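For reference, the structure discussed in these notes is given below.
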Amino acid sequence: WTVTTGDVNSDGKDDMLVGASGYSGGKGGLAVIISSSLPSTESTLSSAYNLFPGAQTSDAAGTAVSYISDFGLGTPVIAIGAPGSNSNSGAVYLLDGDEATYGGDLDDSMLIINGNSSSYFGRGLTEDIDMDGDGISDIFGHYRSSSNNYYWLLYGDASYSGTISVSDVDAQFSTSG
């Protein structure tokens, strides 16, 4: 389980984001729990305000979850790591806050970043950061391939859409061993 908070629906109150990598037989998923609809008693992920399951049995979506206050769109974005996606190449889905509020699935993401072969991309993501000081949040994450650790950075930019590869991010760093 991964849990973070952020004002997804821009109502001035933080909402809960729960990543559940083992949900639904390993598909994983993201549960969005809006503060105004918090359950008063014990509940399950399926009773969340919205639930975004992974696409395939081994995706492990929700292994990492990050709230991004503004990726250049003027609205929040949620980054969801799915390291088992694409036969363990992994992926990070960027879901617009409006989409997270109104429902859909991970295929509705504004941007999908795919990892390299067997890199388990999407294992780790930072919270809301601004590495270049431009007032727009950036995404910083890590993954491991063979015996190397890799770190990557994607600067916030509203023009991103569709699907890109990890080789298209703004910066990559590696360590061996």
Side-chain angles (χ1 to χ4, degrees), residues 2-19 21 29-36 49-50 52 54 61-83 85-86 89-116 119-145 148-176:
T2 303
V3 179
T4 193
T5 61
D7 187 6
V8 175
N9 60 354
S10 301
D11 68 353
K13 300 175 191 170
D14 279 351
D15 306 303
M16 290 179 27
L17 306 168
V18 180
S21 60
L30 170 74
V32 178
I33 303 168
I34 301 299
S35 60
S36 61
Y49 188 81
N50 278 321
F52 297 86
T63 296
V65 176
S66 177
Y67 172 81
I68 302 163
S69 60
D70 183 3
F71 194 65
L73 301 170
T75 60
V77 171
I78 303 165
I80 304 111
S85 178
N86 302 314
S89 294
V92 172
Y93 298 87
L94 271 63
L95 190 65
D96 182 275
D98 288 338
E99 189 70 39
T101 302
Y102 298 113
D105 56 42
L106 293 179
D107 289 336
D108 297 328
S109 296
M110 59 174 271
L111 179 66
I112 301 170
I113 309 166
N114 285 319
N116 297 324
S119 65
Y120 298 95
F121 186 75
R123 279 189 169 170
L125 298 167
T126 59
E127 284 299 310
D128 207 10
I129 62 168
D130 181 6
M131 296 292 289
D132 57 357
D134 65 356
I136 298 173
S137 298
D138 309 315
I139 303 171
F140 185 70
H142 79 275
Y143 63 97
R144 185 171 177 89
S145 185
N148 293 323
N149 291 305
Y150 293 90
Y151 302 89
W152 59 275
L153 173 67
L154 183 67
Y155 293 121
D157 186 338
S159 68
Y160 284 118
S161 65
T163 302
I164 64 171
S165 169
V166 66
S167 60
D168 297 322
V169 299
D170 293 305
Q172 287 190 63
F173 315 92
S174 69
T175 61
S176 60

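Bear in mind the structure is a predicted one, so any value in this text is a computation, not a measurement. No hydrogens, no waters, no symmetry mates; every other heavy atom, side chains included, goes into these values.
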Which heavy atom of S66 sits nearest to which heavy atom of E127, and what is that distance?
OG-CA, 3.5 Å
To the nearest 0.5 Å, what is the distance between CG on D98 and CG on L73?
9.5 Å
Check for a donor-acceptor pair, side chain of N114 on one end and backbone N or O of A91 on the other, with a separation under 3.5 Å.
no
If you measure from OG on S36 to CG on D11, what distance do you get to the nearest 0.5 Å?
6.0 Å
V92/W152 under side chain to side chain contact (heavy atoms under 4.5 Å, CB included): CA gap, chis, key distance, verdict
CA-CA 12 Å; V92 172; W152 59 275; 4.1 Å; yes
I'd like to check Y49 versus N9 (side-chain heavy atoms, cut-off strictly below 4.5 Å). Are they in contact?
no
Is the side chain of N50 donor-acceptor paired with the backbone N or O of T101 at a distance under 3.5 Å, no angle test?
yes
Looking only at heavy atoms, what is the nearest atom pair of Y93 and S85, with distance?
OH-OG, 3.7 Å
Less than 3.5 Å apart, any donor N or O on the side chain of D128 or S137 sitting next to an acceptor on the other?
yes
Please answer whether the main-chain N or O of G156 pairs with a side-chain N or O of D138 as donor and acceptor at a distance below 3.5 Å.
yes
Is the number of heavy atoms from other residues, nucleotides or ligands within 6.0 Å of CE (M131) greater than 12?
no
Check whether any side-chain heavy atom of L17 sits under 4.5 Å from a side-chain heavy atom of V32, and report yes or no.
yes
For side chain to side chain contact (heavy atoms under 4.5 Å, CB included), just list the numbers for I139 and L94, CA-CA rounded to whole Å, side-chain angles, deciding distance to a tenth of an Å, and then say yes or no.
CA-CA 10 Å; I139 303 171; L94 271 63; 3.4 Å; yes
Supply the atom-to-atom distance T163 OG1 to I112 CD1, rounded to the nearest 0.5 angstrom.
4.5 Å
Polar side-chain atom of E99 near backbone of D105 as donor-acceptor pair, under 3.5 Å:
no
Closest non-hydrogen atom pair between R123 and A64, with its separation
O-CB, 3.7 Å
d(I34 CD1, M16 CE) to nearest 0.5 Å is 11.0 Å
Without swapping roles, check the side chain of N86 against the backbone of S89 for a donor-acceptor pair under 3.5 Å.
no
Can any side-chain N or O of S109 pair as donor or acceptor with the backbone N or O of L111 at less than 3.5 Å?
no
Between Y120 and Y143, is there a side-chain heavy-atom distance shorter than 4.5 Å?
no
The test is side chain to side chain contact (heavy atoms under 4.5 Å, CB included); show your working for D130 and D132 and say whether it passes.
CA-CA 6 Å; D130 181 6; D132 57 357; 2.9 Å; yes
Looking at A82 and A61, what are the two nearest heavy atoms and their distance?
CB-CA, 3.7 Å
Supply the atom-to-atom distance H142 NE2 to S119 OG, rounded to the nearest 0.5 angstrom.
11.5 Å
Side-chain contact test, heavy atoms from C-beta onward, threshold under 4.5 Å: evaluate it for I80 versus L106 and give yes or no.
yes
When you measure from the side chain of T2 to the backbone N and O of T63, does any donor-acceptor pair fall under 3.5 Å?
yes
What I'd like to find out is whether the side chain of M110 reaches to under 4.5 Å of the side chain of S161, using heavy atoms alone.
no
Kindly indicate whether the side chain of F140, heavy atoms from C-beta on, has any atom under 4.5 Å from the side chain of Y151.
yes
Applying side chain to side chain contact (heavy atoms under 4.5 Å, CB included) to L95 and V77, what does each step give before you reach the verdict?
CA-CA 6 Å; L95 190 65; V77 171; 5.9 Å; no
Quick one: are N116 and F121 in side-chain contact, heavy atoms under 4.5 Å?
no
Quick one, V65 and L30 - any side-chain contact, counting heavy atoms below 4.5 Å?
yes
Nearest-0.5 Å distance that lies between atom CG in D157 and atom CZ in F71:
7.0 Å
Between D15 (side chain only) and V8 (backbone N and O only), is there a donor and an acceptor less than 3.5 Å apart?
yes
If we check side chain to side chain contact (heavy atoms under 4.5 Å, CB included) with Y67, which of these qualifies: L125, D14, D7?
D7
